[in-house]
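Below, chain A is the first sequence line, B the second, and so on; all start at residue 1. Note: hydrogens, waters and symmetry copies are ignored here, and every other heavy atom, side chains too, is used. Predicted model, so just to flag it, every value in this text is computed and none were measured.
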Amino acid sequence: MPRTVLEPRFQVEYLSILDSEGHLDAALEPKLSPDELRALYRAMILGRRLDERMVRLQRQGRLGTFAPIKGQEASQLGSVSTLRPTDWMVPSFRETAAMVWRGWPIEKLLLFFAGYVEGGQPGEGQRDLPIAVPVATQLPHAVGLAYAAQYRGEDAVVMAYFGDGATSEGDCHEALNFAGVWHVPVVFVCQNNQWAISVPLKKQTHSKTIAQKALAYGMPGIQVDGNDVLAVYAAAREAVDRARAGEGPTLIECVTYRLGVHTTADDPTKYRAEEEVKMWEQKDPLTRFTAYMRQKSLLEDGLEQQVDEEIALAVERFEATPPPDPLTMFDHLYAELPPHLVAQREELARRLREGGAPEPDAPAPTPRATPMRGQRLTRR
Amino acid sequence: MPRTVLEPRFQVEYLSILDSEGHLDAALEPKLSPDELRALYRAMILGRRLDERMVRLQRQGRLGTFAPIKGQEASQLGSVSTLRPTDWMVPSFRETAAMVWRGWPIEKLLLFFAGYVEGGQPGEGQRDLPIAVPVATQLPHAVGLAYAAQYRGEDAVVMAYFGDGATSEGDCHEALNFAGVWHVPVVFVCQNNQWAISVPLKKQTHSKTIAQKALAYGMPGIQVDGNDVLAVYAAAREAVDRARAGEGPTLIECVTYRLGVHTTADDPTKYRAEEEVKMWEQKDPLTRFTAYMRQKSLLEDGLEQQVDEEIALAVERFEATPPPDPLTMFDHLYAELPPHLVAQREELARRLREGGAPEPDAPAPTPRATPMRGQRLTRR
Amino acid sequence: MTKLNMVKALNLALFQEMERDPDVVILGEDVGVDGGVFRVTDDLQRKFGSQRVIDSPLAEAAIIGTGVGMALYGLRPVCEIQFSGFAFQCFHQIENHVARYRLRSQGRFACSMVIRMPYGGGVRALEHHTESEEQFYAHIPGLKMVIPSGPRNARALLAAAIRDPDPVVFFESKALYHAAKEEVPPESETFPIGRAQVAREGGDLTLVAYGAMLRVAREAADVLQAEDGVAAEVLDLLTISPLDRETIVASVAKTGRAVVVHEAPRSFGPGAEIAASIMEGAFLRLEAPVRRVAAHDVSFVGFAREKANVPDVARVVAAARETLAF
Amino acid sequence: MTKLNMVKALNLALFQEMERDPDVVILGEDVGVDGGVFRVTDDLQRKFGSQRVIDSPLAEAAIIGTGVGMALYGLRPVCEIQFSGFAFQCFHQIENHVARYRLRSQGRFACSMVIRMPYGGGVRALEHHTESEEQFYAHIPGLKMVIPSGPRNARALLAAAIRDPDPVVFFESKALYHAAKEEVPPESETFPIGRAQVAREGGDLTLVAYGAMLRVAREAADVLQAEDGVAAEVLDLLTISPLDRETIVASVAKTGRAVVVHEAPRSFGPGAEIAASIMEGAFLRLEAPVRRVAAHDVSFVGFAREKANVPDVARVVAAARETLAF
Ligand SMILES: Cc1ncc(C[n+]2csc(CCOP(=O)(O)OP(=O)(O)O)c2C)c(N)n1
Ligand SMILES: Cc1ncc(C[n+]2csc(CCOP(=O)(O)OP(=O)(O)O)c2C)c(N)n1
Ligand SMILES: [Mg+2]
Ligand SMILES: [Mg+2]
């Protein structure tokens with residue numbers, strides 16, 4: 001049946017600059033200074049090493065469940081590094097590397113995953129939201145922040161992270177739609193790591209790309225090689241600049257892969273083939289970026305040891321955290337404690353005084369297995 | 001910045017067969033028999049006349065709030081008429097004409113809007129869901145029905161209705177996404193009547209069409225002239241056939257206009273210009289279809305009177321409805337009444353016996369204003 | 001003093017708060033040009049512009065979710081959900097985020113926002129347009145839940161809610177919107193959130209009510225006075241959560257008897273908490289079990305049967321008499 | 001008889017119900033290949049195919065909403081919500097539709113479906129992975145709300161829920177999943193929904209509990225017996241709604257004293273309904289106010305502080321002693 005085709009027709013672009021063979025498209029290479037490149041590279045190494053350390057801490061029972069980032073360093077750092085401190089960063093639950101870049105102390109992140117609410121506290125004036133556990137629910141917050149920035153006449157940009165699975169949630173749709181209508185400065189960064197726990201992308205959506213979902217909101221969408229830190233940077237740079245210039249939101253799909261477990265409670269051998277992982281290991285964002293840095297003669301000696309030391313010091317500080325005071329659980333619920341909570345707090349205080357209350361459950365910083373190098377027992 | 005453009009590129013088509021000037025694209029004209037055309041035409045007249053009658057009933061206080069359909073008859077009937085009785089119809093709250101086509105007795109619809117829960121009861125074996133008031137929430141139901149049909153190996157197709165405003169809801173997105181992934185036989189019919197109460201389409205979404213939202217779900221989408229019953233029929237026919245053949249879901253955007261109030265509680269002069277309404281009155285789906293029928297010599301004498309009589313008889317039956325028995329409010333909550341509700345029912349029964357309970361509020365069938373022609377007082 | 005109905009009184013509160021504080025913004029479906037389907041935001045967009053009075057797309061979760069983002073930035077969003085029956089669409093944003101942001105960020109961020117919605121029956125409406133869902137919000141730690149009973153306290157409590165550092169869910173009875181006019185002082189006024197009011201003093205029995213049920217309780221007290229010579233004390237909760245247990249318990253400690261009235265379904269409803277709190281606080285003074293007069297445990301009855309479902313004066317009087325005769 | 005933990009017992013119920021009735025389908029995030037993040041649906045997709053055990057996209061509202069559609073068609077969907085903390089995403093589908101479809105269609109359609117979800121603390125988990133939200137479902141007319149306390153009743157109640165003509169929200173305590181093994185008969189077994197069980201008889205005091213708190217109540221009863229010579233009767237509710245008031249009231253009419261224990265926050269929680277129902281049903285037998293031992297009214301405390309928040313044996317014993325000494 002012949003019909004009119006509506007204009008404009010739609011298209012989605014794919015961006016890759018530094019591929020897994022190390023080939024560089026010099027015309028597209030972003031103009032980053034050696035210092036900027038070194039900082040980015042260091043952050044990627046730190047992201048990887050911290051992740052590995054955290055998995056060990058978790059296995060020793062010193063952290064609760066958390067979501068490792070291995071393989072997604074380029075997606076996170078290529079994008080977050082385009083932000084200014086006055087911009088906002090809205091994470092999901094798998095942005096450790098990006099959060100460290102934004103200034104979250106490592107020991108705070110460890111505390112967070114050790115079950116301390118203190119770990120969720122952003123620094124004074126820090127324009128980062130804490131980790132959001134319910135998938136996609138943080139995306140409308142990003143749009144609201146961007147609206148407020150525009151309302152106040154400030155040029156802050158908001159960058160929001162989410163996964164491929166998150167695109168199925170109603171909140172993701174509503175957030176993108178509001179951002180489109182309000183034309184606010186948000187950059188939506190979808191880390192398409194191919195899996196939502198055990199569910200592969202093809203069971204998540206029938207659309208070929210996530211980038212094309214932008215068409216539903218009259219918003220530019222682009223797909224980038226998410227293991228190519230230069231491509232992610234370039235796409236994010238453009239989107240951030242456009243947002244700051246008042247030209248509205250962008251959806252960036254970073255095609256990447258979660259090389260490790262979904263969370264430390266997950267067993268990926270149940271649902272995915274070893275070969276697939278192997279295949280993606282060939283595309284490791286670190287390998288590629290290391291080759292690039294080597295070629296530019298920007299590799300620093302001893303970087304890994306430096307980074308490991310930084311991590312070790314943070315773990316020490318984490319372990320030195322005093323056991324939590326149960327009474328502070330009431331502290332930040334309301335601006336002022338209402339009477340019924342004053343009563344509940346008093347009752348708990350009485351129980352604590354009388355020894356009737358259980359030991360504060362501080363299993364976290366306390367090593368459960370044999371102490372490791374650079375680790376000491378919790379001070380009490 | 002040059003980049004690779006991903007294939008395939010996307011496009012959305014627009015379908016129009018009989019335009020508001022009465023021009024017919026004979027090549028696209030669907031092959032409907034004279035009887036089929038007459039049935040369709042009669043349903044459109046009935047839809048229009050019933051709507052007008054219902055507005056009057058509401059103004060007299062004999063119905064509560066309801067949503068008139070004036071202007072959307074072609075969108076509803078062009079689509080619903082492609083279904084078999086064994087197919088499923090999933091309405092929103094503005095599908096009076098489609099519901100009557102599907103066999104809902106008019107007096108039942110009147111009862112529904114008169115505050116009688118009885119009015120929501122589909123006929124025995126009727127494959128229609130009752131009216132869904134919360135916007136977009138019915139769409140996942142449609143997908144579930146379609147899944148179940150496929151699961152059972154039955155070739156039933158599901159047609160689901162919703163408005164332009166509904167496309168903003170998370171449920172709409174989730175339903176379309178599930179339908180895409182599951183590849184189930186659903187036809188999504190969006191009646192884009194330009195307004196969601198006072199909110200115009202451009203404040204609803206930044207995408208140029210609703211049809212293009214299908215691209216986000218890897219699903220075919222088409223935009224049709226929703227005031228052109230032949231175009232709606234053709235697009236729906238194709239989508240229904242495709243669905244029945246196991247070729248998955250389709251999104252159809254019917255571009256139409258709500259000529260009347262949003263609901264009888266609404267005052268559109270607050271938010272839209274008289275000229276806009278005038279402009280759309282030129283495109284009235286009835287005028288156009290009448291001209292077509294005249295040209296085909298299919299117009300029947302006395303059709304309007306016939307239809308009015310049918311409506312009048314239904315209104316009589318509606319008015320003859322006995323006042324509701326309050327005790328039946330417990331009837332269909334659970335398959336079997338649990339003890340606490342048995343107690344509540346008994347308590348209410350006692351109050352009713354002792355005269356302590358208020359008169360059943362049966363303001364509905366009871367005329368509040370001067371009785372009209374063809375109307376009599378409720379039998380009690 | 002001018003006499004205003006509740007719609008106008010709420011509109012006045014919004015207007016004055018917006019004048020006072022440029023961070024106050026309004027967000028919701030049809031709140032702008034249309035002035036809200038009940039006209040509570042009437043004329044505000046004309047006065048303050050479409051950047052401050054925002055006609056949102058039709059999506060409750062994003063209304064609340066973007067409201068959260070605005071609040072985290074420092075604005076004071078007043079979100080309208082068109083009917084309380086549609087607030088379950090955003091319930092996850094309310095429970096997961098609105099109620100928790102201060103806690104989660106350990107005080108760095110706050111969700112100082114108001115979520116307004118019309119609730120309750122009495123207006124011949126469709127399904128999801130007549131329900132009373134206060135219980136769901138009252139059980140969420142971190143929220144405050146307010147239900148005014150008349151134009152003056154509606155205005156004063158809405159102003160207080162907007163200034164409150166914590167998130168407030170604000171229910172407005174549709175039945176009360178145009179029910180009666182009341183003197184409302186022209187200058188700005190706030191009432192404290194968390195405080196119940198003694199709407200009528202009495203020593204024989206305590207009637208606890210709020211929202212549209214206050215009138216029912218008051219009239220029941222009139223009947224009891226006139227027909228039985230019983231002096232009922234009537235409490236108007238105004239805030240459901242945090243519940244003013246002190247005022248409730250003090251009254252029942254005096255009267256020894258209580259009847260709680262609400263439009264929400266009875267089981268696991270707000271009356272249960274009130275009854276349990278009375279038992280805990282005034283057990284030895286109780287002469288009779290606390291009675292609950294509530295809607296039946298039925299989700300929807302249709303307006304043709306609504307009067308038989310929602311508490312009325314006769315039911316409250318009957319419950320009071322049984323309590324007195326216990 | 002085989003000894004099974006609760007995960008295996010639930011898996012057995014699902015397996016047997018799927019064998020029995022081809023209309024039973026399973027739907028949720030990661031329920032297929034992965035067997036559910038807690039392995040409750042382990043191996044079922046291999047046995048019954050991916051059309052019957054469906055790995056859905058990540059969207060709770062659509063999981064429930066499509067489940068509704070399947071149920072209306074006549075299937076018996078068992079929907080899994082991965083954690084109860086994420087069920088507010090589909091709360092509108094549950095409240096607006098699951099609970100109402102039989103009523104709305106006046107009996108033509110029914111939502112015979114089960115909504116399973118893990119709830120509660122005790123597993124060192126993140127926010128939204130430790131909460132107890134039963135109150136929200138208990139207050140919705142049209143639903144049934146079940147919480148088993150051990151492998152055997154979990155299995156028998158899940159089978160009953162799947163066969164029930166009405167929608168059942170089925171909470172599974174994460175803390176109990178691997179807590180203990182119990183003899184579970186190999187042949188299919190159902191327990192009646194709506195019926196509480198006397199888990200231990202006693203005449204001095206009634207402890208009302210359910211889910212993971214049953215163990216706490218039982219151990220408190222042991223302590224009371226051993227240290228105070230007090231015979232506590234322990235009730236295991238099993239069904240929260242419809243609440244088995246008859247069994248509760250009968251017990252308290254006998255003992256005159258009651259303590260209710262739950263993991264949900266205290267205010268406006270399930271304990272309020274239980275306390276109010278006891279007062280209504282056994283007022284003249286009550287020797288002391290019904291006490292509630294519950295989590296504090298705090299949304300999230302982090303697992304480092306969790307033990308100080310969730311009721312433990314010492315708190316229940318202390319509350320029981322105060323009740324006995326009243
Ligand atoms: C609303 C909600 N539903 C379910 C979960 C449980 N859950 C946590 S992560 C996850 C998968 C997320 O997939 P994706 O968005 O692709 O992010 P990724 O984990 O791959 O980074 C699920 C189902 C959750 N946290 N929130
Ligand atoms: C979830 C929900 N939110 C709000 C409403 C109130 N409401 C009823 S109809 C409507 C507008 C619907 O617009 P659209 O989808 O375009 O359908 P139309 O009314 O134009 O047919 C609104 C906001 C509702 N019924 N449900
Ligand atoms: Mg993923
Ligand atoms: Mg519309």
> Heavy-atom distance under 4.5 Å between the side chains of A/N177 and B/K213, does that happen here?
Replying inline: yes
> Sub-3.5 Å donor-acceptor pair from the side chain of A/E174 to the main-chain atoms of B/G170, do we have one?
Replying inline: yes
>> When you compare the side chain of B/V12 with that of A/F10, does any pair of heavy atoms fall below 4.5 Å?
In response: yes
>> Need one label for A/I210: side chain, backbone, both or neither, based on atoms under 4.5 Å from any heavy atom in chain B.
In response: neither
>> Which atoms of B/I222 are under 4.5 Å from chain A, going by heavy atoms: the side chain, the backbone, both sets, or neither?
In response: side chain
> Within the distance-only criterion (no hydrogens, no angle test), does the side chain of A/Q212 pair as donor or acceptor with the backbone N or O of B/A216 below 3.5 angstrom?
Replying inline: no
> Does any heavy atom of chain B fall under 4.5 Å from the side chain of A/S16, the backbone, both, or neither of them?
Replying inline: neither
>> Tell me whether B/K270 at atom NZ has more than 12 heavy atoms from other residues, nucleotides or ligands lying less than 6.0 Å away.
In response: yes
>> Report which part of B/Q204 has an atom under 4.5 Å of a heavy atom belonging to chain A: side chain, backbone, both, or neither.
In response: backbone
>> Using 0.5 Å steps for rounding, measure from the NE2 atom of B/H206 to the NE2 atom of A/H183.
In response: 6.0 Å
> Which heavy atom of B/E169 sits nearest a heavy atom of A/H173, and at what distance?
Replying inline: O-CD2, 3.5 Å
>> Looking at chain B, which one of A/D171, A/V181, A/T167 has the largest number of heavy-atom pairs inside 4.5 Å, strictly under?
In response: A/V181
